[in-house]
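Structure record follows, encoded as structure tokens.
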Number of protein chains: 2
Amino acid sequence: MTSPLRDRARQMLKDAGLYCTEPRLAILQVLMQAARPLRQDQIGEKLTLRALNKVTVYRTLESLIEVGLVHRAFTYRRAGYFELADHCTEHQCHPHFTCTQCGVTHCLTDILLPLAKIAQKGFVINRQQVRLEGLCPACA
Amino acid sequence: MTSPLRDRARQMLKDAGLYCTEPRLAILQVLMQAARPLRQDQIGEKLTLRALNKVTVYRTLESLIEVGLVHRAFTYRRAGYFELADHCTEHQCHPHFTCTQCGVTHCLTDILLPLAKIAQKGFVINRQQVRLEGLCPACA
DNA sequence: AAAAAATCTGCAACTCAGTTGCAAATTCTG
DNA sequence: CAGAATTTGCAACTGAGTTGCAGATTTTTT
Ligand SMILES: [Mn+2]
Ligand SMILES: [Mn+2]
Ligand SMILES: [Zn+2]
Ligand SMILES: [Zn+2]
């Protein structure tokens with residue numbers, strides 16, 4: 001039960017100082033292969049080895065977020081969407097475009113807006129998130 | 001039972017083609033006086049004349065959003081935050097800064113980031129939303 | 001100023017994403 | 001491998017937001 005993907009996941013967990021458990025390996029692998037942020041239930045559906053309790057998925061995501069491996073990309077219709085903390089700079093995650101027609105979200109990994117300059121001093125910006133809405137090529 | 005504020009609210013509803021009801025007038029007035037986006041329960045607390053059922057508040061907000069008077073600014077801890085659709089350009093709302101320490105949100109009404117340029121053609125951007133996280137002057 | 005038509009409101013019950021407590025299972029440490 | 005530390009699954013719970021529907025309000029028509 002080994003593969004390059006799985007080994008990378010194992011290493012990430014080890015480096016992060018997290019217990020290397022089956023659920024965490026499985027979820028990390030799902031996220032590593034995802035093209036867009038996923039909800040808890042979507043992650044669950046993509047698990048191949050065995051099903052996981054949703055509580056486990058949520059708690060795993062929480063752990064992965066805590067160590068910086070995963071980001072909560074955005075919320076859509078009250079549900080959280082999670083993705084690997086990749087293609088993000090120190091203070092800014094890549095933007096996401098969601099089509100209001102078909103609902104599909106696209107990661108704009110090659111776009112980076114300038115960081116907002118807050119005139120009023122004293123503000124410390126830790127993260128800037130950009131969200132775009134509109135019509136995707138298929139729906140426009 | 002009249003006031004400049006109330007009259008403005010009444011006019012806004014009339015222009016939007018919505019029935020001019022007591023709940024709508026009251027909620028609009030609360031939003032007109034708010035310095036930051038509010039949750040349903042926060043709006044309810046600020047009502048002075050009489051209490052409204054939360055269903056009414058939600059449905060009123062929905063109506064106001066539909067006609068473009070109100071925006072759902074962002075979601076925080078699974079709750080929606082609403083504000084008057086003011087200080088927004090055609091394709092971009094003003095950014096919001098939320099302090100991760102004290103939880104207070106600030107409207108950055110004087111900041112405007114450039115609209116993202118999506119290389120891949122065919123995308124139609126209808127709205128760009130920017131959200132900032134960090135420490136406010138009081139907490140930094 | 002009715003009366004009729006159109007729309008809104010409140011209530012109660014419901015949905016559904018996410019959380020909590022706790023016992024059992026797994027992983028790490030020495 | 002034993003013991004300590006941590007994680008997992010289950011069941012029950014939370015809380016924001018939604019739905020159906022009867023009765024109330026607002027607007028439009030006579
Ligand atoms: Mn992404
Ligand atoms: Mn605002
Ligand atoms: Zn689309
Ligand atoms: Zn603060």
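Numbered from 1 within each chain, the chains take letters A, B, ... in sequence-line order.
Residue A:Arg50 is in sugar-phosphate contact alone, with no base atom involved, counting any heavy-atom pair closer than 4.0 Å across all strands shown.
Regarding contacts with the backbone of C:dT9, every side-chain N or O of B:Asn53 stays at 4.0 angstrom or more from both OP1 and OP2.
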Give the table of side-chain donor-acceptor pairs shorter than 3.5 Å for residues 27-36 of chain B, with sequence neighbours excluded, one pair per line with atom names and distance.
{"unit_1": "B:Gln29", "atom_1": "NE2", "unit_2": "B:Leu25", "atom_2": "O", "d": "3.2"}
{"unit_1": "B:Gln33", "atom_1": "NE2", "unit_2": "B:Gln29", "atom_2": "O", "d": "3.3"}
{"unit_1": "B:Arg36", "atom_1": "NH1", "unit_2": "B:Thr105", "atom_2": "O", "d": "2.3"}

Result block: side-chain N/O donor-acceptor pairs under 3.5 angstrom for residues 127-140 of chain B, not counting sequence neighbours:
{"unit_1": "B:Arg127", "atom_1": "NH2", "unit_2": "B:His71", "atom_2": "NE2", "d": "3.2"}
{"unit_1": "B:Gln128", "atom_1": "OE1", "unit_2": "B:Ala116", "atom_2": "N", "d": "2.8"}
{"unit_1": "B:Gln128", "atom_1": "NE2", "unit_2": "B:Gln92", "atom_2": "OE1", "d": "3.2"}
{"unit_1": "B:Gln128", "atom_1": "NE2", "unit_2": "B:Pro114", "atom_2": "O", "d": "3.2"}
{"unit_1": "B:Gln129", "atom_1": "NE2", "unit_2": "B:Ala73", "atom_2": "O", "d": "3.0"}
{"unit_1": "B:Arg131", "atom_1": "NH1", "unit_2": "B:Thr98", "atom_2": "OG1", "d": "3.0"}

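Screening residues 8-27 of chain B for ring pair (Phe, Tyr, Trp, His ring centres under 6.0 Å), with sequence neighbours left out, gives no hits. For residues 54-75 of chain B, there are no salt bridge (charged side-chain N to carboxylate O under 4.0 Å, His left out) pairs, not counting sequence neighbours.
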Considering only nitrogen or oxygen atoms on both sides, find all protein atoms under 3.5 Å from nucleotides 26-30 of chain C and state each distance.
{"unit_1": "C:dC28", "atom_1": "OP1", "unit_2": "A:Cys20", "atom_2": "N", "d": "2.9"}

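Legend: residues meeting side-chain contact (heavy atoms from CB on, under 4.5 Å) with B:Arg77, ordered by chain and number and at least two apart, are absent. Partners of B:Asn53 by side-chain hydrogen bond (donor to acceptor under 3.5 Å, both in side chains), not counting sequence neighbours: none found. For the ring pair (Phe, Tyr, Trp, His ring centres under 6.0 Å) test, residues two or more places apart in sequence or in another chain that qualify with A:Phe123 are B:Phe97, B:His106. Under the rule for a ring pair (Phe, Tyr, Trp, His ring centres under 6.0 Å), A:Tyr58 has no partner lying at least two apart in sequence or in another chain. In terms of the side-chain contact (heavy atoms from CB on, under 4.5 Å) criterion, residue partners of A:Asp86 (sequence neighbours excluded) are, by chain and number, A:Leu84.
Within residues 57-66 of chain A, the residues approaching DNA chain D are A:Arg59, A:Thr60, by heavy-atom distance under 4.0 Å. Of the residues in residues 32-48 of chain B, not one places a heavy atom less than 4.0 Å from an atom of DNA chain D.
If you measure from atom CG of B:Leu13 to atom C1' of C:dT9, you get 15 Å, rounded to the nearest angstrom. As a whole-Å value, the separation of A:Leu52 CG from C:dG18 C1' is 17 Å. The CG-P distance, from B:Leu49 to D:dT25, rounds to 15 Å in whole Å.
Between the side chain of B:Arg78 and the base of D:dA16 there is no donor-acceptor pair of N/O atoms closer than 3.5 Å.
A side-chain donor from one of A:Gln11 and A:Asp15 sits under 3.5 Å from a side-chain acceptor of the other.
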Going through the checks in order, is the side chain to side chain contact (heavy atoms under 4.5 Å, CB included) test met by B:Arg24 and B:Ser63?
CA-CA 9 Å; B:Arg24 284 175 179 166; B:Ser63 303; 3.5 Å; yes
